[in-house]
Amino acid sequence: MKNIRNRIFFGLMALIVAFSFITYEDASPLSVLSKLGSQGQEVRNIQSRLKEWGYYKGSVDGVYGQQTKNAVIKFQKKNGLKADGIAGNATLAAIGLPTSSSSSSSSSANVNLLARIINGEARGETYTGQVAVGAVVLNRVEHPSFPNTIAGVIYQPQAFTAVDDGQINASVTASCIRAAKDALNGWDPTGGAIYYYNPRTATNRWIRSRPVITTIGKHVFCK
């Protein structure tokens with residue numbers, strides 16, 4: 001009887017160990033969160049984005065060295081993130097790269113980022129005017145002359161005053177979150193505009209020369 005119990009016990013232990021090994025082997029993270037010493041495609045993606053926006057000056061070699069870490073820290077400081085030089089979920093989402101979260105979380109990150117730029121650029125505008133700013137960002141994503149991601153468009157150097165002066169990090173109002181969702185759902189009050197400006201404050205002659213589509217609130221929207 002004792003021998004039977006022993007065999008059953010050791011048999012169960014063997015099954016537990018085998019199951020644990022299989023589970024461990026099959027488990028794989030959805031994304032590798034990059035930090036100093038990391039290598040691979042995710043690092044290349046980080047370097048490429050930060051190089052495009054002027055934070056990173058080195059080569060896109062897929063090696064997360066000190067220069068890459070310094071570039072990540074600059075980006076984090078600029079965008080109100082924890083400046084630890086580690087490309088964690090929040091930093092990857094701000095850069096516009098996949099994170100270890102689900103695709104629904106990635107969609108949520110797009111809503112939040114779009115809401116932040118709407119808030120920084122148009123929180124004093126009418127609701128339609130807020131949606132219009134979000135629509136311009138999305139129109140640029142689809143336009144061949146601009147980056148093809150929301151983050152890429154928003155962080156393109158000197159594209160938005162709110163990024164340059166830090167207003168993108170201001171507390172986001174509820175209306176700007178709703179406006180971001182409406183823009184992502186296809187509402188475009190601008191009729192396809194890819195630029196806008198405030199005629200009272202704009203000094204750039206080029207932007208004033210663009211063909212005007214419509215005026216919403218204080219902003220003129222144009223092609």
Side-chain angles (χ1 to χ4, degrees), residues 31 45-46 49-50 52-53 55 72 74-83 87-143 146-198 201 213-222:
S31 174
N45 293 339
I46 293 167
R49 291 287 176 86
L50 296 184
E52 179 182 355
W53 301 332
Y55 293 96
V72 169
K74 288 180 183 178
F75 178 83
Q76 290 169 329
K77 287 181 177 179
K78 181 71 173 180
N79 295 285
L81 300 165
K82 181 181 178 181
N89 282 329
T91 298
L92 289 175
I95 292 174
L97 295 174
T99 71
S100 60
S101 304
S102 64
S103 58
S104 61
S105 293
S106 177
S107 175
S108 177
N110 280 334
V111 171
N112 291 335
L113 184 55
L114 190 59
R116 284 169 55 199
I117 195 64
I118 292 171
N119 188 74
E121 292 277 317
R123 62 181 175 273
E125 293 292 304
T126 64
Y127 184 70
T128 301
Q130 291 175 356
V131 177
V133 168
V136 167
V137 173
L138 298 178
N139 290 340
R140 289 188 181 187
V141 171
E142 298 299 323
H143 196 281
F146 296 91
N148 61 1
T149 65
I150 291 174
V153 166
I154 289 174
Y155 290 119
Q156 191 173 24
Q158 299 180 334
F160 293 97
T161 302
V163 175
D164 294 335
D165 65 13
Q167 286 298 306
I168 192 172
N169 299 316
S171 297
V172 180
T173 65
S175 66
C176 289
I177 295 174
R178 293 198 308 273
K181 292 178 180 178
D182 277 339
L184 285 164
N185 285 331
W187 183 15
D188 181 2
T190 75
I194 54 175
Y195 300 104
Y196 65 88
Y197 63 92
N198 185 333
T201 59
I213 300 175
T214 187
T215 298
I216 303 173
K218 296 178 181 179
H219 288 141
V220 173
F221 292 85
C222 47

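For reference, positions follow the sequence shown, starting with 1.
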For this session: State which residues pass ring pair (Phe, Tyr, Trp, His ring centres under 6.0 Å) with Tyr55; sequence neighbours excluded, sorted by chain then number.
Result: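 With neighbours one apart ignored, the set is Phe75.
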Test side-chain hydrogen bond (donor to acceptor under 3.5 Å, both in side chains) applied to [X] - qualifying residues, sequence neighbours left out:
X      : value
Thr173 : Ser175
Asp182 : Tyr127
Arg123 : Gln167
Asn169 : Arg116

Problem set entry | Any His219 side-chain heavy atom under 4.5 Å of Val133 side chain | yes
Exercise. Okay, side chain of Asn119, backbone of Ala115: is any donor-acceptor separation there less than 3.5 Å?
Worked result: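 Between the backbone of Ala115 and the side chain of Asn119 there is no qualifying donor-acceptor contact (under 3.5 Å).
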Table please: side-chain donor-acceptor pairs of residues 146-159 below 3.5 Å, with sequence neighbours left out.
unit_1: Thr149; atom_1: OG1; unit_2: Gly152; atom_2: N; d: 2.9
unit_1: Tyr155; atom_1: OH; unit_2: Asn79; atom_2: OD1; d: 2.9

Give, for atom [atom1] of [X] and atom [atom2] of [Y], the distance between the pair rounded to the nearest 0.5 Å.
X      : Y      : atom1 : atom2 : answer
Ile216 : Tyr196 : CD1   : OH    : 12.0 Å
Asn45  : Leu50  : CG    : CG    : 10.5 Å
Asn139 : Asp188 : CG    : CG    : 4.5 Å

Exercise. If you draw a 6.0 Å radius around NZ in Lys78, do more than 12 non-hydrogen atoms from other residues or ligands fall strictly inside?
Worked result: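 Result for NZ/Lys78: enclosed.
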